[in-house]
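For reference, the structure is listed below as structure tokens.
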Protein chains: 2
Amino acid sequence: MTNVREEIILATCRLLEKQGYPATGLNEIVKESGAPKGSLYYYFPEGKEQIISEAVRYAGQILVERMRTGLIRVDDPLQALYEFINHQADQVEKQHFTAGSPLTIVSVEAAGSSERISQACRAVYDQIEAVLQERLACCGLTEAEAAEQARLTLASLEGGMILSRVHHSAAPLRSVARHLKDSMKKAVEK
Amino acid sequence: MTNVREEIILATCRLLEKQGYPATGLNEIVKESGAPKGSLYYYFPEGKEQIISEAVRYAGQILVERMRTGLIRVDDPLQALYEFINHQADQVEKQHFTAGSPLTIVSVEAAGSSERISQACRAVYDQIEAVLQERLACCGLTEAEAAEQARLTLASLEGGMILSRVHHSAAPLRSVARHLKDSMKKAVEK
DNA sequence: GTCTATACGGTGATAGAC
DNA sequence: GTCTATCACCGTATAGAC
């Protein structure tokens with residue numbers, strides 16, 4: 001992958017987190033990336049859908065990897081998850097609450113308009129659930145229980161991101177972190 | 001409020017749930033509403049931001065009212081919440097997973113671009129939290145505990161809506177409903 | 001209140017020179 | 001690989017007749 005191509009993807013990711021899919025124009029991407037104007041359709045001959053799809057995959061890959069490594073840095077899975085979400089809250093706070101990977105916003109926007117982009121989003125979500133499930137299975141849950149908990153964790157996380165963004169405050173995300181730790185601890189102990 | 005004005009608001013709500021804020025054009029609103037072309041800027045002289053803001057407020061009002069009445073139809077607050085979320089899941093299912101009030105998508109999209117619309121979204125979220133908090137307080141929680149649970153419930157709900165939309169399945173939302181009932185029951189009993 | 005016409009800029013996309 | 005020019009279309013918004 002050449003440098004220019006990657007710059008375009010990175011710039012697209014940044015713009016998507018802030019503005020979403022329809023609001024992000026190709027001209028804007030060119031400007032933000034600093035790429036030569038003629039390069040867009042050279043590297044992405046299938047146009048906007050291709051660029052957005054690849055950006056979602058790219059950002060998703062990074063997020064999944066960050067989760068995977070983050071969740072094994074601490075022995076206790078629940079404590080690890082707690083710290084990971086709080087770390088996410090720190091990041092979002094630093095970036096003035098416009099951040100959190102393009103995933104949330106793009107998946108909602110593309111659900112009805114682009115099957116291609118939707119599919120890219122779904123793939124990332126599935127990976128995230130898989131990572132969570134694998135890590136939560138270490139708590140002594142059955143596979144089905146771990147899968148269920150993973151999905152619920154993901155839902156809370158997404159909701160927390162939204163509320164933090166809307167309220168311009170990291171508090172909702174931190175509430176989610178605390179609550180998930182406590183409630184799952186009880187679920188495991190029972 | 002004249003009929004035409006209301007039709008415009010209603011049409012805007014429908015389009016917003018499907019497509020979001022930047023993807024919904026004024027021409028599209030005119031067409032969808034069946035309103036006379038000349039009426040848009042007559043009823044909404046401040047343009048697009050005004051239309052969207054009012055649509056968010058309108059849809060939010062309906063949602064809040066539906067929650068309020070839904071949550072008191074059953075004696076047990078937790079059971080009432082459970083049934084309400086499942087009812088939402090039914091609705092979303094019927095509308096091919098493009099529905100769920102314009103709130104989620106617009107709040108995320110407008111967070112960085114329109115303070116006016118953002119504020120309208122925040123106001124609705126605050127009302128929803130208030131309704132939840134009031135109802136959950138009946139479980140014997142302190143006011144602070146009820147507020148915290150209300151926020152967490154809202155986060156799970158939002159996340160569940162997103163996942164259901166992305167997966168074209170009501171399952172995530174139903175998981176959220178079940179889990180909230182169970183986990184809060186334990187929290188109350190302890 | 002509503003209609004038509006239009007201004008003006010932006011959009012995604014393509015063609016062809018270099 | 002990149003640039004420039006250009007396409008047809010869309011967007012929001014406004015003006016003025018009726």
Side-chain angles (χ1 to χ4, degrees), chain A residues 1-57 102 105-106 109-118 120, chain B residues 1-56 102 105-106 109-110 112-118 120:
Chain A
M1 190 193 273
T2 94
N3 246 348
V4 168
R5 200 188 142 92
E6 189 158 8
E7 280 307 324
I8 292 175
I9 297 278
L10 285 169
T12 305
C13 290
R14 287 193 296 273
L15 293 170
L16 285 179
E17 323 192 301
K18 268 197 308 188
Q19 308 165 338
Y21 166 36
T24 297
L26 299 187
N27 295 338
E28 212 178 352
I29 293 176
V30 169
K31 202 206 271 179
E32 166 83 14
S33 68
K37 293 200 175 188
S39 302
L40 252 201
Y41 279 89
Y42 175 79
Y43 289 110
F44 305 93
E46 292 152 69
K48 191 176 184 179
E49 277 197 316
Q50 185 186 5
I51 300 180
I52 307 293
S53 300
E54 295 204 21
V56 166
R57 255 189 294 272
I105 185 166
V106 174
E109 291 178 314
S113 61
S114 164
E115 185 49 37
R116 179 173 185 176
I117 298 175
S118 267
Chain B
M1 190 191 275
T2 95
N3 248 349
V4 168
R5 199 189 142 92
E6 190 159 9
E7 280 307 323
I8 291 175
I9 296 278
L10 285 169
T12 305
C13 290
R14 288 194 296 273
L15 293 171
L16 285 179
E17 322 192 302
K18 268 197 306 187
Q19 308 165 338
Y21 165 36
T24 298
L26 299 187
N27 295 337
E28 212 178 351
I29 292 176
V30 169
K31 202 205 272 180
E32 165 85 14
S33 67
K37 293 201 176 189
S39 302
L40 252 201
Y41 279 89
Y42 175 78
Y43 290 110
F44 305 93
E46 292 152 67
K48 192 176 184 179
E49 277 198 315
Q50 185 187 5
I51 300 180
I52 307 293
S53 299
E54 294 204 21
V56 166
I105 185 166
V106 174
E109 291 178 315
S113 60
S114 163
E115 184 50 36
R116 179 173 185 175
I117 299 176
S118 266

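No hydrogens, no waters, no symmetry mates; every other heavy atom, side chains included, goes into these values. Residue numbering restarts at 1 for every chain, and letters A, B, ... go by the order of the sequence lines.
Looking only at distances, a side-chain donor or acceptor of Ser118(A) sits under 3.5 Å from a matching main-chain atom of Ala110(A). Proximity of a side-chain donor or acceptor of Ser53(A) to a complementary backbone N or O of Glu49(A) within less than 3.5 Å is detected.
A salt bridge between Lys18(B) and Glu28(B) is absent, with no side-chain N of the basic residue lying under 4.0 Å from a carboxylate O of the acidic one.
Taking a heavy-atom distance under 4.0 Å as the criterion, the stretch of DNA chain C touched by chain A extends 5' to 3' from dT11(C) to dT14(C).
If you check the side chains of Tyr21(A) and Ser113(A), you find no donor sitting under 3.5 Å from an acceptor.
Listed by chain and residue number, nothing satisfies the salt bridge (Lys or Arg N to Asp or Glu O under 4.0 Å) test with Glu7(B) (two or more places apart in sequence, or in another chain).
Note: Ile29(B) CD1 to Ile9(B) CD1 = 9.0 Å, rounded to the nearest 0.5 Å. Atom-to-atom distance recorded for Ile117(A):CD1 and Leu16(A):CG is 8.5 Å, nearest 0.5 angstrom.
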For nucleotides 6-11 of chain D, list the nitrogen or oxygen atoms of the protein found under 3.5 Å from its nitrogen or oxygen atoms, one pair per line.
residue : atom : partner  : partner atom : Å
dG11(D) : OP2  : Asn27(B) : ND2          : 3.0

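At a threshold of 4.0 angstrom between heavy atoms, the contacts of Tyr43(A) are confined to the sugar-phosphate backbone, with no base atom among them.
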*Carefully, step by step, assess Thr2(A) and Tyr43(A) under the rule side-chain contact (heavy atoms from CB on, under 4.5 Å).*
CA-CA 10 Å; Thr2(A) 94; Tyr43(A) 289 110; 3.3 Å; yes
